[in-house]
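These notes concern the structure reproduced below.
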Amino acid sequence: MPCGKTPLTAVALSGGVDSTMTAMRLQAVGTHLVAVHFLTGYESEKGPDSPLVRTRRVCARLGIALEVIDCRDAFRRAVVEPFAAAYRRGLTPNPCALCNPLIKFGEVLQYCLGLGAERLATGHYARRIRDCQGRVHLMRGMDRVKEQSYFLARLTPYQLERSVFPLGDLTKERVVRMALEAGLQPGVSESQDVCFVRQEGYAGFLSAAGLIAPRPGPIVDVHGRLLGRHEGLHRFTVGQRRGINCPGPQPYYVVRLEPDAHRLVVGFKSDLFAGGCRVTDLSWIQPPDADRFPVQVRLRYRSAACAARIRVDDEGADILFEQPQLAVTPGQSAVFYRDDEVLGAGWIEAALPA
RNA sequence: UGGGGCGUCGUCAAGCGGUAAGACACAGGAUUUUGGUUCCUGCAUUCGGAGGUUCGAAUCCUCCCGCCCCAG
């Protein structure tokens, strides 16, 4: 139970290395902790290696009380169903960008506040700083490869105010080393795809769960020439090369999906460049004070930010790239940066011609 | 059934008597808190079929089969 003067911090534990080290780092500086573990209803493993059992072991070892939060309904409604709906509309969803603001720093944060916690710590590789006027800023993590600010870009200032990212100033390598030094077993399968799909892959997940009815259709090139057929647009995303199954003089890549005609349009790499994109449903951490200004934008996780100019209007914004960009994909999150700082994000609705 | 051309991996395609390039596709792996990209590896004991010449044939010869042109 929280003792009067030391504020209580909740830490989200998944049972993995990162969240465990998050808890240990906070504990090392004397933070008063409560652990929370949320259920999505899509946990893959059962038994002794399930996330929940691993989390219980961590808490027992660290001597932290654990609260298990049932987010199964919310997770299905806020993450899984929109994920499927996006595929039905020919988009490529970005569930992690949705889960962070709606589940982790939505449902879970609310629950933690209800417990009397003042803030929620997670193992994200991102930094949060406060300026001299007391405003919070979201910054890239120090580990330039692992850093996850992209997925946190849709947090609100309110959520960011109540977050803490103890791993943000560390590299993944360092965290793993610290975990080994602390005697933790090396996290075997650290790599994670969409957390709610299992071995069958996301396409298999969608059809197995009855979330999508595969609709075959034609594959055409950018000139409209018929090249072959596909087994469902949900198996493809812009920029994708594998799975098209059409031999040609050069590799074919997906240029766009046309859901109304169930048509897959493919072309060569040179057909993949876009000069900009239309984004909607903007979310700002640092609301802009002008409607036109230069930004750096990341069009997908794990790609460098590119220089661009943004023009904000009532419905969203147009982003015009300084240099054409490679496979701008509707449904993905475009995240706006000023150097290391995240300004906000919007959902990519369409690519603009190069 | 006159004349000419062609048949090499799923597709395109090198090779032209010395023991089957490459590209695309596909498969597997690596990487990865989205989907992709990228990278690595694998992928024709065999050249439409059957004979023959030769120390040796996908490469030369003969016949057969199948396509494609140009003439009837």
Side-chain angles (χ1 to χ4, degrees), chain A residues 12 14-19 22 40 42 44 51 79-80 82-104 122-126 141 143-154 165 167 172-173 175 187 189-198 201-206 212 219 221 227-230 232-257 264 266-269 271-273 298-304 325-335 345 347-348 351:
Chain A
S14 67
V17 178
D18 291 334
S19 63
T22 298
T40 62
Y42 293 88
S44 49
V79 178
V80 179
F83 175 80
Y87 275 114
R88 281 185 234 117
R89 293 168 51 208
L91 303 173
T92 304
N94 205 160
C96 298
L98 226 38
C99 175
N100 283 316
L102 299 179
I103 301 298
K104 287 189 184 124
T122 66
H124 286 106
Y125 288 83
D143 187 325
R144 303 298 278 196
V145 179
K146 291 292 294 185
E147 79 93 11
Q148 294 163 320
S149 61
Y150 177 87
F151 292 116
L152 297 168
R154 295 191 72 88
F165 310 122
L167 304 187
K172 176 74 178 189
E173 190 188 2
V175 170
S189 59
E190 257 309 291
S191 53
Q192 213 174 330
D193 296 318
V194 188
C195 70
F196 51 87
V197 314
R198 312 178 193 184
Y202 76 94
F205 167 82
L206 287 171
I212 204 162
I219 300 175
D221 69 13
L227 296 180
R229 291 188 64 77
H230 64 81
L233 288 183
H234 66 287
R235 297 167 170 278
F236 299 95
T237 186
V238 176
Q240 180 172 334
R241 173 178 173 175
R242 303 192 70 166
I244 295 171
N245 202 11
C246 291
Q250 296 173 55
Y252 283 114
Y253 295 85
V254 174
V255 171
R256 65 177 178 274
L257 281 62
L264 187 70
V266 303
F268 301 132
K269 197 159 202 165
D271 296 311
L272 244 36
F273 288 96
R298 261 164 103 182
L299 298 161
R300 59 169 62 66
Y301 181 59
R302 204 165 303 289
S303 79
Q325 297 297 308
L326 208 42
V328 175
T329 308
Q332 293 290 288
S333 183
V335 175
W347 296 111
I348 298 172

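Nothing here was measured: the structure is a model prediction, and the numbers come from that model. So you know, we letter chains A, B, ... as the sequences are listed, proteins then strands, and number each from 1.
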Taken to the nearest whole Å, CD/A:Q250 to P/B:rG22 is 19 Å
Tell me whether the side-chain N or O atoms of A:Q240 pair up with the base of B:rU37 as donor and acceptor below 3.5 Å, since no angle test is needed here. no
Would you say CD of A:Q250 has more than 12 non-hydrogen atoms from neighbouring residues, nucleotides or ligands within 6.0 angstrom? yes
Rounded to whole Å, CD1 of A:I244 lies from P of B:rC26 at a distance of 8 Å
Inset, instruction - Spell out yes or no: do the side chain of A:T237 and the base of B:rG35 have one donor N/O and one acceptor N/O closer than 3.5 Å? - result: yes
Against the side chain of A:R300, the closest entry in B:rU32, B:rU38, B:rG35 is B:rG35
Nearest-nucleotide check on RNA chain B, A:P251 vs A:Y301; residue mapping nearer the 5' end is A:P251
message: Mind checking if A:G243 touches a base, just sugar-phosphate, or nothing, with heavy atoms under 4.0 Å?
response: sugar-phosphate
*Can a side chain N or O of A:K269 be found less than 4.0 Å away from OP1 or OP2 on B:rU38?*
yes
In whole angstroms, the gap separating C1' of B:rC26 from CZ of A:R242 amounts to 8 Å
Legend entry - Euclidean distance for P, B:rG4 against B:rU45 (whole angstrom): 35 Å
A correct dot-bracket answer for RNA chain B, with pairs being Watson-Crick or G-U at under 3.5 Å, [ ] for crossing pairs and | for inter-strand pairs, is .(((((((.[[[..)..(...]]].(((((.......))))).....[[[[[..)....]]]]]))))))..
Winner on side-chain proximity to A:P95, out of B:rU34, B:rU37, B:rC24, is B:rU34
- Message: Would you measure the distance from the C1' atom in B:rG15 across to the matching atom in B:rA27 and give it in whole Å?
- Response: 28 Å
Same-atom distance (P) from B:rG10 to B:rC47, integer angstrom:
13 Å
Quiz item: Parallel, tilted or perpendicular: which fits the ring planes of A:F151 and A:Y301, with parallel below 30° and perpendicular above 60°?
Solution: tilted
Rounded to whole Å, CG of A:L91 lies from P of B:rU34 at a distance of 19 Å
Check: Taking the P atom of each, how far is B:rU41 from B:rC24, in whole Å?
Finding: 14 Å
Should the pair A:F83 and A:F196 be assigned to parallel (<30°), tilted (30 to 60°) or perpendicular (>60°) ring geometry? perpendicular
Closest to the side chain of A:C96, out of B:rU34, B:rG36, B:rU37, is B:rU34
Worksheet item: Expressed in whole Å, how much space separates the C1' atoms belonging to B:rA13 and B:rA25?
Response: 14 Å
The nucleotide from B:rU38, B:rU34, B:rU32 with an atom nearest the side chain of A:R241 is B:rU38
Distance between C1' atoms of B:rG42 and B:rC60 (Å, rounded)
36 Å
Base, sugar-phosphate, or nothing: which does A:C246 touch, judged by heavy atoms less than 4.0 Å apart? sugar-phosphate
- Query: Considering only the C1' atoms, how many Å lie between B:rC64 and B:rG18, rounded to the nearest integer?
  - Reply: 29 Å
From CD of A:E147 across to P of B:rU32 the rounded distance in Å is 15 Å
A:I219 CD1 to B:rC24 P, in whole Å, measures 18 Å
- Can you tell me, in whole Å, how much space there is between the P of B:rU54 and that of B:rC61? 16 Å
Would you say the side chain of A:T329 and the base of B:rG36 hold a donor-acceptor pair, judged only by whether the two atoms sit under 3.5 Å apart? no
Measure from the side-chain N and O atoms of A:D271 to the backbone N and O of A:F268, and report whether any donor-acceptor pair falls under 3.5 Å. yes
| said: B:rU37, OP1 or OP2 - any side-chain N/O from A:Y252 closer than 4.0 Å? | reply: no
Side-chain contact check for A:P247: nearest option of B:rG36, B:rU38, B:rG10 is B:rG10
